[in-house]
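Everything on this sheet refers to the single structure shown next.
One-based numbering along the sequence shown.
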Amino acid sequence: MGRKSLKETRRLEIIKVFYQVAKKEGYENTSIAKIAKVMDINPSLIIHYFETKEGLTYELIDHILDRYLLIYTIKHKGQASLDDLQKTIEMLFSKKWNLLFDDGLFYTFYALAFREKKIKLKYKMILDSLRNRLALLIEQCNAQCITNVDNPQVAADFIFVMVDGAYFYLSMESDKKAYSERLAYYKQKAYDTLCISPIKVVSAPVC
């Protein structure tokens, strides 16, 4: 029980290779034949699992959601702590979060959402899921009087509006110092929205 079937394992393996090939060569230049070549398998095996490149794309977008939801790691289910909330904010405004999925592919799929209804619905699901999870985290903190946010859903939405806008804007920034300063500014605004203090950074002892 709990073990993934061989079929699920194989599908995930194909999805991950599809991501790597598309990241390297671009989505438009990626084909089932290229994926098969990298995996050293017959293209018919990929077609057996996904039928078309579009089907593979839908599965990859679902995989995006699974990766993004990894930021929510609550130690005690239903009882989020201040530390859980602080670590979530730190993750959202970090390079680690930004590197969970390639920007080029993310925005390629985002553009496709304006032409394909199914992709649009899947992207809406991703954005709603991320916001709802953060709102739930805030609600749990409210229940324990850790926070006192009037409308957790609105606060979560505002924070993700900043996250989405920050990374799109900062993806154009080549100055690392300016990038870090702006990201720190947006992160502080998120903390201000929740009326909590940032995680204290412990300085290394001076020998």
Side-chain angles (χ1 to χ4, degrees), residues 2 12 15 19 57-103 105-114 116-171 179-201:
L12 183 58
I15 289 168
Y19 168 71
T57 300
Y58 301 147
E59 294 276 353
L60 179 56
I61 293 174
D62 288 337
H63 184 57
I64 294 173
L65 174 60
D66 291 338
R67 285 185 63 79
Y68 280 153
L69 290 177
L70 291 174
I71 66 165
Y72 298 108
T73 53
I74 301 173
K75 293 178 183 177
H76 304 290
K77 190 175 180 180
Q79 293 186 336
S81 66
L82 175 61
D83 184 61
D84 292 325
L85 186 54
Q86 289 172 320
K87 284 182 177 177
T88 298
I89 297 301
E90 291 294 325
M91 174 65 105
L92 284 174
F93 292 91
S94 72
K95 288 185 177 180
K96 189 175 180 180
W97 160 259
N98 198 29
L99 294 175
L100 278 174
F101 197 81
D102 180 67
D103 280 346
L105 280 179
F106 185 89
Y107 289 117
T108 292
F109 293 152
Y110 181 74
L112 287 175
F114 292 93
E116 295 190 34
K117 186 176 181 180
K118 189 168 183 177
I119 291 180
K120 182 177 182 178
L121 290 173
K122 283 183 173 292
Y123 256 54
K124 181 69 163 55
M125 179 186 73
I126 289 174
L127 298 175
D128 286 345
S129 295
L130 290 169
R131 284 160 167 74
N132 290 338
R133 285 288 188 92
L134 180 57
L136 179 60
L137 191 60
I138 298 169
E139 286 171 5
Q140 291 177 6
C141 287
N142 272 357
Q144 299 173 77
C145 298
I146 295 170
T147 54
N148 185 27
V149 178
D150 290 336
N151 192 323
Q153 194 70 54
V154 170
D157 185 60
F158 176 71
I159 289 170
F160 269 101
V161 164
M162 283 199 295
V163 170
D164 294 339
Y167 285 119
F168 180 77
Y169 171 68
L170 292 175
S171 65
Y179 182 102
S180 297
E181 288 176 350
R182 295 305 299 177
L183 197 58
Y185 172 77
Y186 298 136
K187 180 170 68 175
Q188 185 57 54
K189 287 298 179 185
Y191 277 119
D192 292 345
T193 299
L194 300 172
C195 295
I196 60 173
S197 58
I199 289 179
K200 291 183 178 179
V201 178

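Rounding to the nearest 0.5 Å places CG of L183 at 6.0 Å from CG of L170. Separating the OG1 atom in T193 from the CD1 atom in I138 is a distance of 9.0 Å, to the nearest 0.5 Å. With values rounded to the nearest 0.5 angstrom, L194 atom CG is found 7.0 Å from T147 atom OG1. To the nearest 0.5 angstrom, K122 atom NZ is 10.5 Å from T57 atom OG1. A distance of 6.5 Å separates CG in L92 from CG in L134, rounded to the nearest 0.5 Å.
For the pair F93 and A190, the tightest heavy-atom approach, listed with the atom from each and the gap, is CE1-CB, 3.7 Å. Scanning both residues, I199 and Y191, for their nearest heavy atoms gives N-OH, 3.7 Å. Taking all atoms of both residues into account, the shortest heavy-atom contact from I61 to F109 is CG1-CD1, 4.0 Å.
With sequence neighbours excluded, the residues forming a ring-ring contact (aromatic ring centres under 6.0 Å, His included) with Y107 are F168, listed by chain and number. With sequence neighbours excluded, the residues that form a side chain to side chain contact (heavy atoms under 4.5 Å, CB included) with F106 are Y68, F101, Y123. Remark: Y19 engages no residue in a side-chain hydrogen bond (donor to acceptor under 3.5 Å, both in side chains) (not counting sequence neighbours). Taking Y169 as the reference, nothing meets the ring-ring contact (aromatic ring centres under 6.0 Å, His included) condition, with sequence neighbours excluded. By the side chain to side chain contact (heavy atoms under 4.5 Å, CB included) test, K124 is found to be paired with D128, residues two or more places apart in sequence or in another chain being considered. Not a single side-chain hydrogen bond (donor to acceptor under 3.5 Å, both in side chains) links E139 to another residue, sequence neighbours left out. For T108, the side chain to side chain contact (heavy atoms under 4.5 Å, CB included) partners at least two apart in sequence or on another chain are Y27, E28. Not a single side chain to side chain contact (heavy atoms under 4.5 Å, CB included) links A111 to another residue, sequence neighbours left out. Y58 is linked by a side-chain hydrogen bond (donor to acceptor under 3.5 Å, both in side chains) to E116, counting only residues two or more places apart in sequence or in another chain. Taking the side-chain hydrogen bond (donor to acceptor under 3.5 Å, both in side chains) definition, one finds that N148 meets it with nothing, sequence neighbours left out. For the salt bridge (Lys or Arg N to Asp or Glu O under 4.0 Å) test, residues two or more places apart in sequence or in another chain that qualify with E181 are K177.
Within 6.0 Å of CG in D192 there are more than 12 heavy atoms belonging to other residues, nucleotides or ligands.
For the pair M125/D62, a side-chain contact is recorded, criterion being any heavy-atom separation below 4.5 Å from C-beta on. Side-chain contact between P198 and Q86 is absent, with no heavy-atom pair separated by less than 4.5 Å.
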Name every donor-acceptor pair, under 3.5 Å, that has one atom in a side chain of residues 151-162 and the other anywhere in the protein, sequence neighbours excluded.
unit_1 : atom_1 : unit_2 : atom_2 : d
N151   : OD1    : Q153   : N      : 3.2
N151   : OD1    : V154   : N      : 3.2
Q153   : NE2    : N132   : OD1    : 3.0
D157   : OD1    : R131   : NE     : 2.8

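Looking only at atom types and distance, the side chain of S171 has no donor-acceptor partner in the side chain of D103 under 3.5 Å away.
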